[in-house]
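Okay, structure first, notes after.
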Amino acid sequence: MHEKHAEYTDVNEILKGEHTGEKVCIRGWIHRTRNIGSMVFLNIRDPTGVVQVMASSDSVENYEEIKPLLLESSVEVCGEVAEDRRAPGGYEVRASGVNVIHAAGVFPIQEDHSVEHLLDNRHLWLRSTYMRDILTVRSTVFGAIHEYFRANGYKEFQSPILTPLACEGGSTLFPVDYFGDEVYLAQSWQLYAEAAIFSLGKIYTMAPSFRAEKSRTARHLTEYWHAETEAPWLEFDGLVELAEGMVCNVVKRVLENNREELERLRGGDMDYLLRVKSPFHRITYQEAIHKLNEAGLDIEYGDDFGAPHERELTDIYDKPVFVTHYPQEIKAFYMKRAPEDESKVLGFDLLVPHVGELIGGSQRETDIGAMESRLQGEGEDITRYGWFLDTRRYGSVPHSGFGLGVERLVTWLCSLEHIRDSIPFPRTPNRYRP
RNA sequence: GCCGUCGUAGCUCAGUGGUAGAGCACUCGGCUGUUAACCGAGCGGUCGCCGGUUCGAAUCCGGUCGACGGCGCCA
């Protein structure tokens with residue numbers, strides 16, 4: 001046993017050659033181990049990287065204690081850093097002391113693993129380089145979204161998670177027993193936000209949203225983080241610019257802060273991300289239908305896009321693409337009609353490769369009569385929207401907002417096969433554990 | 001909700017009607033420069049579950065449960 005050390009060195013500093021020849025102490029977990037008689041090699045992982053430690057029966061007094069250590073045991077190691085081409089990464093720590101913090105049991109995750117096994121052991125799989133890289137990018141994404149809105153004068157506003165009403169007719173809600181009454185887990189912040197802009201002005205949030213749809217796809221979660229914004233006096237063109245600016249800021253920040261992680265996750269293909277700068281492509285729904293028909297897909301004006309249509313549109317363009325001016329029949333009741341053509345709405349979707357719809361937004365309808373007839377047309381009980389309709393009764397102003405699926409953003413940035421890896425503990429129709 | 005694939009050792013899988021297999025992990029032994037170390041030995045099973053066909057079922061049939069992949073719906 002050696003004495004406690006006040007300072008520990010990050011593994012990545014050793015791998016950058018910053019401590020060669022010095023005595024350092026590191027602490028972390030055994031990532032891999034190789035034992036050849038009276039010498040053992042321990043690859044030690046900390047949050048910054050993995051470095052090889054060499055310990056022999058001559059160099060450490062408790063060699064017999066460390067020789068049988070299993071993967072993921074936690075240790076402190078002190079020793080001299082040496083540059084050595086035989087070591088993975090080119091550097092190793094030649095141990096003079098190894099302090100066993102905890103000798104782990106047999107770790108359930110081995111080299112061979114299935115998707116199912118990794119999901120069952122998600123709490124342990126978080127330790128993988130893969131998950132660490134994604135969650136590091138995710139942290140930057142959350143920070144960049146907060147930063148963008150605050151830098152543009154937006155205040156953060158919170159709405160309730162337990163709510164008595166739906167936001168959009170079609171979506172399915174998770175019911176919750178509220179002392180005998182039925183309430184629901186929120187699927188959007190928007191309706192409450194539309195009440196708050198009259199007080200705070202420009203606002204945003206990042207909060208969980210819940211959808212009880214049994215969507216079995218690589219881009220749906222039942223619980224996801226929803227970045228939403230709402231602003232008074234903001235009209236459609238300004239809204240599109242706001243969305244574009246936000247995405248650009250996130251891309252800029254992850255490229256600045258997480259270049260290494262992104263290169264590992266994207267297999268070195270960074271060209272696409274480096275292209276993501278203003279302006280994005282902007283086409284109308286009508287133009288999109290035309291493009292799709294030209295490309296040989298069978299879709300008529302008035303149909304909503306399916307996965308193949310979104311895929312084709314994102315393939316055509318080399319950057320994210322805004323699709324605007326959808327027919328009002330296929331969009332939500334709260335979207336404002338386009339003044340030049342009442343059959344269309346001032347709404348947009350931002351489409352990106354692989355994940356499809358990243359953001360949906362609109363200028364909001366302010367005509368209370370139009371909203372009421374629209375809700376009735378969808379079979380909604382208008383009395384449940386009483387308080388919300390008050391936002392159109394007392395000093396109504398033009399306003400706009402959008403919602404972004406944060407996990408879809410992370411999935412897109414990291415080029416993930418499935419959205420479940422963009423969140424630490426994914427909730428999907430078939431899975432709510434661990 | 002619809003379509004499809006798969007459930008065999010702790011993990012990844014092979015096994016198409018006749019005594020349950022391999023690699024890895026783990027345990028023991030060997031090895032002073034390993035790179036997913038290597039060599040030898042050992043441990044390890046209600047073949048998802050229920051029923052049926054058969055002299056005999058991991059294998060064929062029916063049902064059921066679970067997971068995964070895709071579509072639809074959405075962010």
Side-chain angles (χ1 to χ4, degrees), chain A residues 31-43 50-59 63 67-68 70-72 82 84-90 92 94 104-121 124 167-173 187-190 206-228 243 303-311 330-332 348-352 355-361 401-412 417-420 422-423 428-431 433:
Chain A
H31 188 66
R32 217 181 288 294
T33 173
R34 291 173 297 282
N35 179 351
I36 48 166
S38 54
M39 181 186 275
V40 65
F41 295 94
L42 306 172
N43 293 5
V50 179
V51 70
Q52 173 166 289
V53 166
M54 191 274 280
S56 69
S57 53
D58 298 335
S59 70
Y63 183 75
K67 198 164 75 167
L70 300 181
L71 301 189
E72 294 301 324
D84 193 320
R85 69 176 59 174
R86 293 170 298 186
E92 69 179 7
R94 292 178 181 154
V106 179
F107 201 65
I109 299 176
Q110 315 290 343
E111 288 291 334
D112 291 319
H113 43 236
S114 61
V115 170
E116 183 177 359
H117 189 244
L118 294 182
L119 286 170
D120 288 341
N121 291 282
L124 303 175
C167 171
E168 301 175 36
S171 298
T172 321
L173 299 152
Q187 55 174 257
S188 175
W189 159 96
Q190 180 188 330
M206 260 194 290
S209 276
F210 304 87
R211 301 284 165 93
E213 291 137 4
K214 291 197 169 180
S215 301
R216 283 204 50 83
T217 80
R219 55 194 176 280
H220 286 87
L221 296 166
T222 55
E223 175 183 323
Y224 68 101
W225 285 75
H226 205 175
E228 295 180 88
D303 294 342
D304 208 349
F305 300 138
H309 309 112
E310 289 183 348
R311 212 156 27 231
I330 59 174
K331 287 293 176 185
F348 75 84
D349 284 348
L350 179 64
L351 305 181
V352 297
V355 304
E357 185 179 349
L358 180 64
I359 303 181
F402 68 73
L404 169 145
V406 182
E407 283 77 16
R408 288 189 175 181
L409 179 54
V410 174
T411 300
W412 171 59
E417 291 291 316
H418 199 292
I419 196 169
R420 63 180 162 233
S422 67
I423 188 168
T428 54
N430 293 11
R431 192 177 279 278
R433 279 188 269 260

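Throughout, protein chains are lettered first and strands after them, A, B, ... in sequence-line order, and every chain is numbered starting at 1. Side chains are part of it too, since the values below use all heavy atoms of this structure and drop only hydrogens, waters and symmetry mates.
- When the P atom of B:rU12 is taken as reference, atom CD of A:Glu111 falls 13 Å away, rounded to whole Å.
- Nearest-nucleotide positions on RNA chain B place A:Pro68 closer to the 5' end than the other of A:Pro68 and A:Asp58.
- If you check every strand for non-hydrogen atoms under 4.0 Å, A:Gly306 touches sugar and phosphate atoms only.
- Note on A:Arg85: nothing from the nucleic acid sits closer than 4.0 angstrom, heavy atoms only.
- Phosphate proximity of B:rC68 to A:Asn430: present, with a side-chain N or O under 4.0 Å from OP1 or OP2.
- With 3.5 Å as the limit, one finds a donor-acceptor pair spanning the side chains of A:Arg211 and A:Tyr224.
- Using a 3.5 Å distance cut-off with no hydrogens or angles, the side chains of A:His117 and A:Ser114 do not pair a donor with an acceptor.
- Listed pair A:Arg420 / B:rG69 meets the phosphate criterion, a side-chain N or O lying under 4.0 Å from OP1 or OP2.
- A:Glu92 comes within 4.0 angstrom of a nucleotide base, judged by non-hydrogen atoms across all strands.
- Side-chain N/O atoms of A:Arg311 include one lying less than 4.0 angstrom from OP1 or OP2 on B:rC71.
- Put simply, A:Arg34 has no side-chain N or O that comes within less than 4.0 Å of OP1 or OP2 on B:rC38.
- Counting any heavy atom pair closer than 4.0 Å across all strands shown, A:Asp349 reaches no nucleic acid atom.
- Nucleic acid contact for A:Ser59: none, since no nucleic acid atom lies under 4.0 Å from a heavy atom of the residue.
- For B:rC68, the OP1/OP2 oxygens have a side-chain nitrogen or oxygen of A:Arg431 closer than 4.0 Å.
- One finds a side-chain N or O of A:Ser114 lying less than 4.0 angstrom from the OP1 or OP2 phosphate oxygen of B:rU12.
- Distance noted for atom C1' between B:rU34 and B:rC43: 27 Å (whole Å).
- Comparing B:rG33, B:rA25, B:rC74 by their nearest atom to the side chain of A:Ile36 picks out B:rG33.
- The side chain of A:Arg86 lies closest to B:rG33 when the candidates are B:rC73, B:rG33, B:rU27.
- Among the heavy atoms of the strands, none lies under 4.0 Å from A:Glu228.
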